[in-house]
Amino acid sequence: ATGAATAAAGVVMAILLAAGGFTALDACAFALFLVLFSWTAFGFVSAAAGFCVQWRATRPRRADPQPVILTRTALLMPTYNEDPGRVLAAVQAIREDLVRLEVSELYDIFLLSDTRDEATARNEVVGLLRVRARLGPDARLFYRRRPQNTDRKAGNVADWVRRFGAAYEAMIILDADSLMSADTIVRLT
């Protein structure tokens, strides 16, 4: 397509330049025109091809089936002096979405706190108890607060892996303020 467009434009330009006689300056201008036009044509053809591919990909199609999962997975949410209300709202939303997809029994959610502020830590515990009460006895939400903030988030996750990781085939680590759909979590698992 780039070659065809450049050839067509080259024919038109050659006709225009030959009208008053074809000089050496016309030949240089013609050569420069062909190089620059082919470059522009290549950009246009690439953009048009990308548009067509993207347009075709965004047309409605049958959704991929959700994978079947048979193993337990831990969702880890390390937190450090975060707003407990926001964090626990995300936890509750994720758990409710997992219930909706009927895979909640395969996922345990761990809130791994390194919070140093006592009032915030107290609010984390109270908030988690409230979320557990709202979600019922099968909520599978766990809270752990380390006494020492050694190695920050990486240390928090490493400590969890040493103590509890053997019980799980996989883990997904989310930021404390992350919100991920259950469909994405299942596909990631």
Side-chain angles (χ1 to χ4, degrees), residues 46-47 49-117 120-121 123-189:
S46 296
F51 173 78
C52 291
V53 168
Q54 189 65 28
W55 176 74
R56 189 166 185 223
T58 57
R59 288 188 303 177
R61 59 186 169 116
R62 187 173 43 95
D64 294 335
Q66 189 179 32
V68 176
I69 297 173
L70 304 174
T71 60
R72 288 181 57 222
T73 300
L75 299 177
L76 308 182
M77 298 182 81
T79 182
Y80 179 78
N81 293 332
E82 308 272 348
D83 174 20
R86 212 170 85 193
V87 171
L88 293 167
V91 167
Q92 182 173 341
I94 289 170
R95 174 54 63 188
E96 288 172 346
D97 207 23
L98 290 169
V99 169
R100 181 188 60 79
L101 281 185
E102 299 177 352
V103 294
S104 62
E105 71 280 355
L106 299 174
Y107 293 91
D108 295 345
I109 300 177
F110 290 84
L111 189 63
L112 306 178
S113 177
D114 268 338
T115 297
R116 299 295 102 206
D117 180 60
T120 303
N123 289 337
E124 288 173 351
V125 172
V126 170
L128 188 81
L129 292 173
R130 287 180 178 159
V131 170
R132 273 189 191 158
R134 278 193 296 271
L135 295 176
D138 298 328
R140 306 195 62 83
L141 303 177
F142 304 96
Y143 177 83
R144 186 205 49 152
R145 182 173 176 225
R146 293 193 306 166
Q148 296 289 324
N149 181 6
T150 309
D151 295 329
R152 300 184 182 191
K153 186 188 288 190
N156 200 347
V157 171
D159 183 58
W160 180 89
V161 169
R162 279 192 297 277
R163 298 173 87 198
F164 307 105
Y168 299 91
E169 297 252 349
M171 67 179 173
I172 297 174
I173 303 169
L174 304 173
D175 282 337
D177 58 354
S178 292
L179 182 60
M180 187 178 288
S181 73
D183 183 64
T184 302
I185 290 171
V186 168
R187 292 179 191 287
L188 190 57
T189 303

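The structure presented is a predicted model; accordingly, all values stated were derived computationally and were not measured. Residues: numbered from 1 along the sequence shown.
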What is the distance from atom [atom1] of [X] to atom [atom2] of [Y], rounded to the nearest 0.5 Å?
X: R145; Y: L112; atom1: CZ; atom2: CG; result: 13.0 Å
X: F142; Y: F164; atom1: CZ; atom2: CZ; result: 9.5 Å
X: D114; Y: N81; atom1: CG; atom2: CG; result: 9.0 Å

How about [X] and [Y]: do any of their side-chain heavy atoms sit closer than 4.5 Å?
X: F110; Y: M171; answer: no
X: M180; Y: L75; answer: no
X: R162; Y: D159; answer: yes
X: V157; Y: P78; answer: yes

Pairing residues for [X] by the side-chain contact (heavy atoms from CB on, under 4.5 Å) criterion, not counting sequence neighbours:
X: L101; answer: Q66, V103, A182, D183, V186
X: V131; answer: L88, Q92, R134, L135, L141
X: L179; answer: A90, A93, I94
X: T189; answer: I69, T73, Y107, I172, I185

* Asked: What residues form a salt bridge (Lys or Arg N to Asp or Glu O under 4.0 Å) with D175, not counting sequence neighbours?
  -> K153
For [X], which residues count as a side-chain hydrogen bond (donor to acceptor under 3.5 Å, both in side chains) partner, sequence neighbours excluded?
X: E105; answer: none
X: R116; answer: none
X: S46; answer: none
X: Y168; answer: R72, D108

* Asked: Is the backbone N or O of S104 less than 3.5 Å from a side-chain atom of R140, with the two atoms forming a donor-acceptor pair by type?
  -> no
* **Qualifying side chain to side chain donor-acceptor pair (under 3.5 Å) pairs, either residue in residues 123-132, two or more places apart** => S113-E124, T115-E124, E124-Y143
* Would you mind listing every salt bridge (charged side-chain N to carboxylate O under 4.0 Å, His left out) that reaches into residues 74-90, with sequence neighbours excluded? => R86-D177
* Asked: What residues form a ring pair (Phe, Tyr, Trp, His ring centres under 6.0 Å) with Y80, not counting sequence neighbours?
  -> none
* Asked: Has R144 got more than 12 heavy atoms of other residues, nucleotides or ligands less than 6.0 Å from its CZ?
  -> yes
